[in-house]
There are 2 protein chains.
Amino acid sequence: MSRGVLSSPPVRRVTASDVAQAAGVSQSTVSRSFSDDPRISPTTRAHVHAVATRMGYTPNALARSLITNRSGMVAVIATQQSILAMPQMLTAISQALGRRDQRMLLFMPSDESDVQNAVNEAWSFPLEGAISCVTLTTSHLDGFRQNRIPVVLYNRRASGLADSACTCHHAAAADVAQRLWHSGHRRFLCLAGPEDAPVGRERALGFAGQVRSLGGAAPQMVETDFSYDGGHRAVTHALQSGPRPDAVFCVNDQLAMGACDALRYGLNLSVPRDVSVVGFDDIPEAARPAYQLTTLRQDLTSLAQRATALLEARRADPEGQIQELDLQAVLVQRQTARF
Amino acid sequence: MSRGVLSSPPVRRVTASDVAQAAGVSQSTVSRSFSDDPRISPTTRAHVHAVATRMGYTPNALARSLITNRSGMVAVIATQQSILAMPQMLTAISQALGRRDQRMLLFMPSDESDVQNAVNEAWSFPLEGAISCVTLTTSHLDGFRQNRIPVVLYNRRASGLADSACTCHHAAAADVAQRLWHSGHRRFLCLAGPEDAPVGRERALGFAGQVRSLGGAAPQMVETDFSYDGGHRAVTHALQSGPRPDAVFCVNDQLAMGACDALRYGLNLSVPRDVSVVGFDDIPEAARPAYQLTTLRQDLTSLAQRATALLEARRADPEGQIQELDLQAVLVQRQTARF
DNA sequence: CTGAAAGCGCTTACAG
DNA sequence: CTGAAAGCGCTTACAG
């Protein structure tokens, strides 16, 4: 805490030139002292650092980036909804970026239709890359390419048009369908999420496809949102107006928890004796004693590490082959499904 | 989508000079066309924009910021834990920033002890401000001041050393204590959160202080984490090893939900007949049918709007009086407390 | 209405 | 080992 600075505050930030003048060296020397250039003598470096500390100087990372072309910033694009539903996504990405000394510039479109504004704004920053947790159109991807910003999709696909790291939603859901089938379930209800949500759709289609290919009757598909309440409502309505299913597959855990509560407390059924319920994601709440949800776990941390690695690789080789990484989801067997 | 650009990609980003050359105008004219300078003729502007679009040019916001001193970036500092517990905080801040055309650069220290690294990194960016959701020490605040970065604390106080927008944790908790007292509760258990978490502490102290000032026996204070499981464990242990309280005050809703489940399903007690439970925050889950939690709602959206407004005010008047804004929490009466 | 030039805060050849 | 100078991609007086 330097009284001097506090009592007579300069109007602008302290710059390398200010430090140079105060230290009696050139601005180049100040710069080199801070980039740990080995040619600067230890004495000079120490002196410069001492003066800099006294003056409260920190190099401006973005003035630096003009020349080095490394800003240390990566855009992350995720809808508000998805962040509220799965904040683990953000913490995982932040940690993965941190290991590479990168920082997250967060763009939060209100929904998938608001993505255009977000990407337009993102393009104006000198980014080292962008991680998109929302689906991008060809024109979005093209804009990133024109602006020389590598993009990787997080838990989405772009059909060969961009790098991506993605859980095998389709395969995992199909696997669950198969297991349920083999343990005797025949009447399936699927809470499919919103129609325009690609991840939920993948999961629902993987499930339904497998059931049909096993010769079963097509599952009853119900469009929902992604919330606990949505799951509660959908199950309540479906069972009041139709035959009782013996298994409910939910494209996420919130829906599944709502489904369990509706079945147990609303409809007085036993889970899993009367009805099996399976979720997707394995959010922390799924493990609570009150639910003990059987669900598919996706590894958000690995996904994040892969995504940042893909960004790095793309920077190194802008013209290289596009990579689409698959991560398997693993079935976490708890108490809500008879297998 | 321009085939030309796609097939022969330039190595670097397109710059204003590139566009100027292609459009046959000066670089100043390109710059002026993009800053909507009224002196540029509509014809020229249109031509420049057309060429720019064809080339995929977007002005570099941070090169611009070197001169304008407005980067459009605000640092947000929040621990991983707090984001997982309350992602609404982030979405609220992001929206408030968006209205002011500002973007969030997110710093996520793993815990409150890792804050120093986060602030060091933050200082190197040309920020328009910083919103801290973690407690900052005098030396952190001093660093921000030296780097000319306005800081505002979000839901924290800095005892007159920095601007802040904060829920009246102490007063709200005291108010609940008083209401519980007046409706006949006398034996209080308080789940207080971790010792080093200032917000939880404020709430716990507000509660306990009021009980004592009403002449009651000091509440039993139990240190916990902030999780559902923590609440479950703490209540189970407290009631197995001591007298039964008639009211449990929890410094957040996760704890309160854990407490409810422990009381109801673990200890076979009725909430609120045998024991009243009150939480804090009013997270979305608190309203679920399974809980119907009585709790104190803090308005994270207003808090965020106040915080960004304070930042703006501080930019306008760096030497002005420090402002500490209070936001009241309101009691949401649901089904877990007898009042 | 437009251009040439200075300058924002840095890095980095180029000289010495 | 250090400095003077050019340049990163912009904005903005200053001229015309």
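Note on naming: letters A, B, ... go to the chains in the order of the sequence lines (proteins, then strands), and numbering restarts at 1 for each one.
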- Qualifying ring-ring contact (aromatic ring centres under 6.0 Å, His included) pairs with a residue from residues 112-149 of chain A, counting only residues at least two apart or across chains: Trp123(A)-Phe144(A)

- With sugar-phosphate taken as primed atoms, P, OP1 and OP2 and all else as base, the protein-contact string of nucleotides 3-10 of chain D at under 4.0 Å (heavy atoms; B, S, -) is BBB-BBBB

- Message: Please check if the number of heavy atoms outside Gln21(A) that lie under 6.0 Å from its CD is greater than 12.
- Response: no

- Which residues share a salt bridge (Lys or Arg N to Asp or Glu O under 4.0 Å) with Asp36(A), sequence neighbours left out: Arg45(A)

- Item | All stems with DNA chain D, defined as three or more consecutive Watson-Crick or G-U pairs under 3.5 Å | C:1-3 with D:14-16, C:5-12 with D:5-12, C:14-16 with D:1-3

- Task: Kindly write out the residues that satisfy side-chain contact (heavy atoms from CB on, under 4.5 Å) with Asn117(B), not counting sequence neighbours, or none if the list is empty.
- Result: Asp114(B)

- Task: Return the set of residues passing side chain to side chain donor-acceptor pair (under 3.5 Å) with Ser33(B) (not counting sequence neighbours), or none when no residue passes.
- Result: none

- Message: According to salt bridge (Lys or Arg N to Asp or Glu O under 4.0 Å), who are the partners of Arg157(B), at least two apart in sequence or on a separate chain?
- Response: Asp326(B)

- For DNA chain D, find the residues of residues 70-77 of chain A with a heavy-atom distance under 4.0 Å and give them by number; none if there aren't any. none

Please list, one pair per line, the donor and acceptor atoms closer than 3.5 Å that link side chains of residues 55-62 of chain A to other protein atoms, with sequence neighbours excluded.
| from | atom 1 | to | atom 2 | distance (Å) |
| --- | --- | --- | --- | --- |
| Thr58(A) | OG1 | Asn147(B) | OD1 | 2.9 |
| Asn60(A) | OD1 | Leu62(A) | N | 2.8 |
| Asn60(A) | OD1 | Ala63(A) | N | 3.1 |

- Task: For Glu312(A), enumerate each residue passing the salt bridge (Lys or Arg N to Asp or Glu O under 4.0 Å) test, keeping only those at least two apart in sequence or located in another chain.
- Result: Arg70(A), Arg100(A)

Solution key, residues 85-99 of chain A side-chain donor-acceptor pairs under 3.5 Å, sequence neighbours excluded:
| from | atom 1 | to | atom 2 | distance (Å) |
| --- | --- | --- | --- | --- |
| Thr91(A) | OG1 | Gln88(A) | O | 3.0 |
| Gln95(A) | NE2 | Gln80(B) | OE1 | 3.4 |

- Could I get the full list of salt bridge (Lys or Arg N to Asp or Glu O under 4.0 Å) partners for Asp317(B), not counting sequence neighbours? none

